[in-house]
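This one's a predicted model, so the numbers in the text were calculated from it and none came from an experiment. Just follow the structure's listing: the first ligand is 1, and inside any ligand the first atom is 1.
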Amino acid sequence: MSLNPRHFLDLWKLEGSDLRAILEDAKRRKAARAGWPKGKRDTDAVGDGRTLAMIFEKNSTRTRFSFDAAMRQLGGDVIISNAVDMQLGRGEPIEDTARVLSRMVDAVMIRANNHQDVERLALSATVPIINGLSDRSHPCQIMADLLTIEEHRGPVAGKTLAYVGDGNNVCASFIHAASKLGYRLNIAAPAVYHPDLQDLARAAAEQGQVFASDDPREAVRGADVVITDTWVSMGDTDHDERLDALEPFQVDEQLMDLAKSDAVFLHCLPAHRGEEVTDEVIDGPKSLIWDEAENRLHAQKSILAWCFGAI
Ligand code: CP
Ligand code: NVA
């Protein structure tokens with residue numbers, strides 16, 4: 001336990017040097033275990049003797065399995081629970097949950113409906129809290145995405161990333177890291193599903209190169225990376241309205257052709273082929289989605305190592 005645990009709540013709250021250290025640690029760890037069985041521990045086993053608790057208020061495949069595999073590779077352990085099975089699910093204050101879990105585990109990852117609950121958990125916890133997705137942001141995903149971009153295209157600094165579609169939690173975390181890591185972010189979203197204005201204002205105040213419009217062609221023109229996400233996120237109730245408003249924002253081959261000739265495509269998954277992206281793009285040669293999914297594991301090991309004070 002620590003009086004000042006290293007929480008991983010949002011990328012805008014971290015120093016650029018911390019984000020860089022996490023990315024470099026992830027590259028090193030991934031390279032060091034190339035060809036190893038997936039269950040074998042890293043040689044430094046920085047999670048040895050540590051337990052991560054995971055709380056899920058929403059469904060998950062990648063986040064759940066990658067954090068579990070990550071802790072095993074770091075030599076630690078996990079306890080996983082859906083929030084509905086906890087007293088939290090029937091109204092026990094999240095502050096009390098934080099105090100109890102802080103006595104039993106070394107870090108807590110939460111996937112929460114309301115971002116405020118992630119913040120409240122962190123305020124009362126004496127161990128690191130990790131945001132495994134909220135309605136407002138998805139910082140672990142964007143670390144994996146940046147790792148994937150750097151593996152395939154070199155440093156993100158100076159690159160142009162184009163995010164096309166819903167101005168949602170994934171879009172927000174791309175905004176949060178832009179000024180920290182020095183990439184340009186062009187966002188194209190319909191006015192009704194625009195990115196968070198506070199996020200845009202913060203990025204501008206930090207001299208981040210973040211530009212938002214409702215023109216996908218303009219956003220993608222000359223980009224190094226094209227990114228999209230589902231049009232209907234977990235918790236969204238306006239399914240039909242979203243599909244109507246977002247239809248002009250589908251990433252198809254014509255749109256990809258406006259990006260650089262060696263541009264790559266990212267999607268955090270799960271994807272809805274035929275909605276936000278065509279089969280030809282997501283399953284085509286520019287798509288890096290499987291490396292991106294694998295990199296959830298590598299990036300999160302380094303996020304955990306950072307939370308444990310090992311980097
Ligand atoms: N991308 C992502 O977070 O996937 P899951 O919802 O499966 O965890
Ligand atoms: N924006 C999506 C991401 C899923 C990983 C959602 O919140 O459902």
Side-chain angles (χ1 to χ4, degrees), residues 8-11 26 52-71 78 80-83 108-118 130-149 161 163-177 185 187-190 192-196 199 225 227-239 241-243 245-246 249-251 265-273 275-277 282 287-301 303-304:
F8 192 84
L9 302 182
D10 262 327
L11 301 181
L52 171 73
M54 288 195 252
I55 305 171
F56 287 94
E57 291 185 350
K58 300 181 181 186
N59 295 55
S60 170
T61 297
R62 279 142 290 266
T63 305
R64 185 181 292 245
F65 281 78
S66 57
F67 266 110
D68 195 338
M71 279 303 283
V78 294
I80 306 180
S81 183
N82 291 329
V108 180
M109 189 234 76
I110 182 164
R111 170 163 283 195
N113 290 316
N114 298 313
H115 188 78
Q116 258 197 331
D117 289 338
V118 183
I130 300 171
N131 173 6
L133 179 145
S134 73
D135 55 334
R136 296 262 301 278
S137 55
H138 198 1
C140 297
Q141 178 69 52
I142 275 50
M143 294 304 284
D145 291 5
L146 296 172
L147 176 61
T148 310
I149 294 167
L161 280 51
Y163 179 95
V164 179
D166 182 20
N168 63 11
N169 45 7
V170 166
C171 178
S173 288
F174 274 111
I175 298 173
H176 296 166
L185 180 64
I187 301 165
V192 62
Y193 299 118
H194 62 73
D196 186 271
D199 285 336
V225 185
I227 305 152
T228 191
D229 185 19
T230 181
W231 289 343
V232 186
S233 282
M234 293 180 278
D236 287 337
T237 50
D238 49 349
H239 177 273
E241 292 88 334
R242 287 178 161 272
L243 261 50
L246 284 150
F249 294 80
Q250 184 186 65
V251 178
F265 171 79
L266 295 180
H267 188 310
C268 69
L269 305 178
H272 302 78
R273 290 170 172 79
E275 292 183 12
E276 70 271 12
V277 60
I282 195 166
S287 174
L288 299 180
I289 56 167
W290 307 124
D291 284 350
E292 181 183 7
E294 177 187 333
N295 281 338
R296 293 295 305 278
L297 166 62
H298 304 294
Q300 275 151 209
K301 285 166 64 182
I303 292 169
L304 287 161

Protein N/O near ligand 2 N/O, under 3.5 Å, which pairs?
unit_1: ligand 2; atom_1: 1 (N); unit_2: Asn168; atom_2: ND2; d: 3.4
unit_1: ligand 2; atom_1: 1 (N); unit_2: Asn169; atom_2: OD1; d: 2.8
unit_1: ligand 2; atom_1: 1 (N); unit_2: Asp229; atom_2: OD2; d: 2.7
unit_1: ligand 2; atom_1: 1 (N); unit_2: Ser233; atom_2: OG; d: 2.7
unit_1: ligand 2; atom_1: 7 (O); unit_2: Asn169; atom_2: ND2; d: 2.8
unit_1: ligand 2; atom_1: 7 (O); unit_2: Ser233; atom_2: OG; d: 3.4
unit_1: ligand 2; atom_1: 8 (O); unit_2: Met234; atom_2: N; d: 2.8

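Looking at residues two or more places apart in sequence or on another chain, you find a side chain to side chain contact (heavy atoms under 4.5 Å, CB included) between Ser60 and Phe56, Thr63, Arg64, Arg111. Residues forming a side-chain hydrogen bond (donor to acceptor under 3.5 Å, both in side chains) with Asp291 (at least two apart in sequence, or on another chain): His152.
A donor-acceptor contact closer than 3.5 angstrom is absent between the side chains of Ser173 and His138. Under the 3.5 Å distance criterion, with hydrogens and angles disregarded, no donor-acceptor pair is assigned to the side chains of Asp135 and Asn113. There is no side-chain donor-acceptor pair under 3.5 Å between Thr228 and Glu276. Ser137 and Asn131 share a side-chain donor-acceptor pair at under 3.5 Å.
Near ligand 1, heavy-atom contacts under 4.0 Å come from Ser60, Thr61, Arg62, Thr63, Arg111, His138, Gln141, Cys268, Leu269, Arg296.
From Leu304, atom CG reaches atom NZ of Lys301 across 10.0 Å, with rounding to the nearest 0.5 Å. Note that the NE2 atom of His267 and the CG atom of Leu288 stand 13.5 Å from one another [nearest 0.5 Å].
Counting heavy atoms of neighbouring residues, nucleotides and ligands inside a 6.0 Å radius, atom CD of Gln116 does not exceed 12 of them.
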